[in-house]
Amino acid sequence: MYVHTLILNGRYPKVQAKMQEEVDRIVGRDRLPCAEDQPRLPYIMAFLYESMRFSSFVPVTIPHATTTNTFIMGYLIPKDTVVFINQWSVNHDPAKWSNPEDFDPTRFLDENGFINKDLTSSVMIFSMGKRRCIGEELSKMQLFLFTSILVHQCHFTANPNEDPKMDFIYGLTIKPKPFTLNVTLRDTMDLLDKPTLQGTRAERKTSQDIIQYSLTLGEPG
Ligand code: HEM
């Protein structure tokens with residue numbers, strides 16, 4: 001999921017610019033974003049929900065089986081049938097989502113810029129029912145911190161020499177094939193160098209060491 005959010009950052013510069021504007025305005029440049037900032041950064045949350053919907057990187061859930069004959073909406077699912085949810089299809093259903101193939105975080109924001117919780121709860125990536133993922137809230141918080149700190153500190157650009165139409169490896173998860181991303185620091189590394197972070201200063205790189213990175217991410221085919 002982290003790799004998908006990085007690709008989308010590089011591929012949609014206007015979206016990235018809006019996230020940077022929001023985090024700079026709400027958090028400021030004197031400290032890093034933290035968990036308590038989440039309710040005040042709706043555009044970043046909208047970006048994350050749209051990244052989960054758009055990528056649907058867990059396209060189908062773990063298979064389960066019926067233990068009795070079961071009826072769903074009038075259809076008989078006989079005992080011992082293997083069933084799983086096609087999450088990708090739920091997230092790209094044109095009856096639910098307008099222009100489902102467009103990447104547009106604003107679909108999750110109302111006219112006042114607040115998150116539309118009815119719509120965010122329609123994104124299906126953690127499955128549903130008794131066996132749904134127990135890591136949902138933890139994952140969302142990790143994704144929020146990962147994204148908000150990265151856009152606060154860095155700027156991502158896609159490699160113009162690479163085909164913007166991404167290639168993926170399809171399996172239990174959808175993984176991007178290798179791609180490169182240019183990363184530049186937006187500022188000094190003073191906030192990241194603060195001793196509250198793990199590791200000694202000697203182990204970490206400083207602004208003198210890192211000015212620009214070119215990252216190669218994704219799975220070899
Ligand atoms: C974005 C990240 C994640 C996604 C998209 C995700 C998605 C899923 C999905 C689709 C299932 C299958 C549910 C089913 O059987 O129908 C699942 C199960 C599960 N996930 Fe996650 N997961 C994520 C992160 C995590 C994390 C961080 C943890 C642990 C802290 C976790 C723990 C589990 C466990 C224990 C199950 C099995 C639940 C059960 O069978 O009762 N997941 N997850």
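What's counted below: heavy atoms across the whole structure, side chains too, no hydrogens, waters or symmetry copies. Counting starts at 1 for both ligands and their atoms, in listed order.
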Is it the case that more than 12 heavy atoms not belonging to D30 sit under 6.0 Å from its CG atom?
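No, because the 6.0 Å sphere around CG of D30 holds 12 heavy atoms or fewer from other groups.
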Answer yes or no: does atom NZ of K175 have more than 12 heavy-atom neighbours from other residues, nucleotides or ligands under 6.0 Å?
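Counting neighbours around NZ of K175, 12 or fewer heavy atoms of other residues, nucleotides or ligands fall under 6.0 Å, so no.
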Less than 4.0 Å is my threshold; does some heavy atom of K140 fall inside it relative to ligand 1?
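Under 4.0 Å: no for K140.
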Sub-4.0 Å heavy-atom contact, F84 with ligand 1:
no
Of the protein's non-hydrogen atoms, which lies at the shortest distance from atom 30 (C) of ligand 1, and what is that distance?
L138 CD2, 3.7 Å
At what distance is the nearest protein heavy atom to atom 38 (C) of ligand 1, and which residue and atom is it?
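For atom 38 (C) of ligand 1, the nearest protein heavy atom is R131 O, 3.7 Å.
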Inspect the contact between [Y] and [X] and indicate whether a charged nitrogen and a carboxylate oxygen are less than 4.0 angstrom apart.
| X | Y | result |
| --- | --- | --- |
| D110 | K117 | no |
| D93 | R53 | no |
| D104 | R107 | no |

With sequence neighbours left out, the residues meeting salt bridge (charged side-chain N to carboxylate O under 4.0 Å, His left out) with E21 are R25
Given N159, L6, N9, the one that forms side chain to side chain contact (heavy atoms under 4.5 Å, CB included) with L181:
L6
Under 4.0 Å to a heavy atom of V58 - the qualifying atoms of ligand 1, by number:
5 (C), 10 (C)
Side chain, backbone, both or neither: which part of I85 has a heavy atom under 4.0 Å from ligand 1?
neither
Between I125 and ligand 1, find which residue part has any heavy-atom pair under 4.0 Å and reply side chain, backbone, both or neither.
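It is both backbone and side chain that touch ligand 1.
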Proximity winner for atom 14 (C) of ligand 1, if only heavy atoms of R132, H64, M1 are counted:
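Answer by nearest heavy atom: H64.
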What residues join L172 in its hydrophobic cluster, counting side-chain heavy atom gaps under 4.5 Å, either direct or through other members?
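Noted: L172 shares its cluster with no other residue.
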Decide whether Q20 and H152 meet the rule of one side-chain donor and one side-chain acceptor closer than 3.5 Å.
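No - no donor-acceptor pair under 3.5 Å links their side chains.
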Please table the atom pairs, donor to acceptor, closer than 3.5 Å between any side-chain atom in residues 68-75 and protein atoms at least two apart or in another chain.
from : atom 1 : to  : atom 2 : distance (Å)
N69  : OD1    : K79 : N      : 2.8
T70  : OG1    : T68 : O      : 2.8

Contact bool for atom 4 (C) of ligand 1 (protein heavy atom, d < 4.0 Å)
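Given the 4.0 Å cut-off, atom 4 (C) of ligand 1 counts as touching protein heavy atoms.
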Enumerate the protein N/O/S atoms at a distance below 2.8 Å from atom 21 (Fe) of ligand 1, ignoring waters.
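Counting only protein N, O or S atoms under 2.8 Å from atom 21 (Fe) of ligand 1, the list reads C133 SG.
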